[in-house]
> 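One structure, pasted below without further comment.
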Amino acid sequence: MAHRIPCFVTLALTLLFASARSARADTEAKTQAIPTVRLSVHPKGEPEYALQYVFETPYMEQDPGNGALLYERALSLVTKTMSEQPDIDEQALRRWQNSPLDELPLNEVRKVVSAFAPAVHCLDLAGRRESCTWEYPVRQEGFRTQWPALGGFRLLSRVLRLKARLQVADGEIEDAVHTLRIGMSTARDLGTGPLVVQNLVGVAVAAMMCQEAARIIEDPRAPNLYWALTSLPRPLIDMRRSMQAEATALYAELPELKRLERDVLSNDEVIQVWNKAAALFSPLQNRTEQWSWKVQTTANAMSAYLRAKTHLLRRGRSLEEIEALPALHVVLLYEYQQYRRLCDETFKWSTLPYWQAKDGLREASMLRVTDYHDQSPLDLTANPFAYLLPAVERIHFLSARLGRDIAMLRCVEAIRIYAAAHDGKLPKSLAEIGEVPVPPDPLNGRPFSYRVTADEAVLESPSPPEGGPRDGLRYEITIKQATR
Amino acid sequence: MQNDERLTPSERELQGAMGSLKPARAPLSRDRVMFRAGRASVRRQNRIWQGVASSLAVLLLVSVVSRPTATVTEVSPDLLANDTASVSPARFSPGPPDAVDRERLEAFRLYMRTRRAVLDRGIEALPASPVSRSPTGELPLTREHLEEILSST
């Protein structure tokens, strides 16, 4: 027994330490900073003409034509500028975008912003075009299409943010709002593209413009942007089209599937399809792993034959008819129909606002690992096509998170309108604001959390359970007296 | 005994010597054997305990020494570019060459990888802005250039 005492002590210490660390990690995760923006704003009512400032190009300022061509031109000009001025450091732009004005090396920033002026001008022209059609033949070519160098939009968004900040510093507030409009138009047009990645870049560009808008409205001369934000399309970026485009890009990669329900494929043809699927979808990289994956796929397919037969019997096929078909055709047909059903079960939820769709989306995502009929495990190896389906739940969340960012800014502007009408006072609750409607949180469908402490209001969108702490957002708002 | 007469003298001598031998005392009694078996089994258990405790102690030390830092969510934009570069056509051998052409395969896999990276890590996962010029120093020709050329003729 004496031998065991040190062992027990070590074990107890380990458990104690592990539980302490786990508790600390939990606490850290909970208290890990929700991104917090401190805003010191001035009361400001609506502009004389409510839609004097807008982030959507007014009809009379639009030009006929397709903006996509000009966006590509803008990217070409980014390439040109980067080639001609190799001393421009993209990482410096990244650092500057989060620095307050008084910490920026203004001369250097002006030089960089000026270098990208031709590209920004192209963005401006593109955003004014009546339409934006990205003519990538995804339906025919799948992902073989040469898609644009999207990193260029990230760089241009940073340039736009810095340009707007310089304009505020120079007292050109209206120009700064126009610069944000260029960014919002770019985001909106990226959102019309057929690729999910393109849409996601649009979401990121718009989120950056929202961050810069929050800086601009701190300036005492800044107009109230409530209606400019409210008049943006909702959602600003609708990703349903690109998600569907990507899910059906399967036919461009594996055209055999188009005729699967009409024609009968021989066992050799089915193996050929699986070989292609293995090459396309397998996350493994070397030949041995590839072959191992293929063998596993085939083995799983063979074990699925019975389920595949049952599936076809339930769909009205006779046993004789099924048994007359090549066995691998039966399995492939089963896998393909599972994929189609998985797509629809998932996509149907993307037609609802996120807060109404999220539970259904979570359930649909479970179908990826569960068979429809017998609830047996069905991993990606068993159905290679499932790999192509985009992460709809996450994509819908990111789009809604952008909607949340815009809605919170609308709340801030509503508070400024209230303060302008009530001697610079903060509303005690959001419900007290009667001047303009206050939007709910698009992530949960409920009003934003709002509380007033002393002379500060805290407006918060908590971190949703399906996201991390960084997905929350908090504004700490103080009101300064209006300059007269 | 009735054959004693037929024994040779040397055999009788051997018989006498053997007869004088007394059985030696057994080196292990039954009780001692049982005791040793019990002790051995306890030692084995002790070794298991000691092994587990030592492993935990090592883990404890390692976890104390190497405290994980906060989760890094931002990733260098170059990451994806490097990641992409590591999957060179020479390393990637997807099934029969005639099944899927290499260019299509590379484009597909690159896109899927980019989509995953952007979903996980955001816009920072995109490759850095390209800096490329044609050998003649001209900008790459785009559809929009073609449009300009066509409209100017």
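Here is the naming used below: chain letters follow the sequence lines, and residue numbers restart at 1 for every chain.
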> Can you check whether B:Leu119 reaches A:Phe397 side chain to side chain, under 4.5 Å on heavy atoms?
no

> So which atom in B:Leu126 and which in A:Gly151 form the shortest heavy-atom distance, rounded to 0.1 Å?
CD1-N, 4.1 Å

> Heavy-atom distance under 4.5 Å to chain B: side chain of A:Leu150, backbone, both or neither?
both

> I need the residue from A:Val196, A:Val273, A:Val203 with the largest number of non-hydrogen atom pairs under 4.5 Å to chain B.
A:Val196

> Could B:Arg109 and A:Glu253 be called an ion pair, given the rule that one side-chain N must be under 4.0 Å from one carboxylate O?
no

> Check whether any side-chain heavy atom of B:Tyr111 sits under 4.5 Å from a side-chain heavy atom of A:Leu195, and report yes or no.
yes

> Return the option, out of B:Arg115, B:Met112, B:Arg116, with the maximum number of heavy-atom pairs under 4.5 Å with chain A.
B:Arg115

> Which region of A:Leu75, side chain (C-beta onward) or backbone (N, CA, C, O), has a non-hydrogen atom less than 4.5 Å from a non-hydrogen atom of chain B, or is it both or neither?
neither

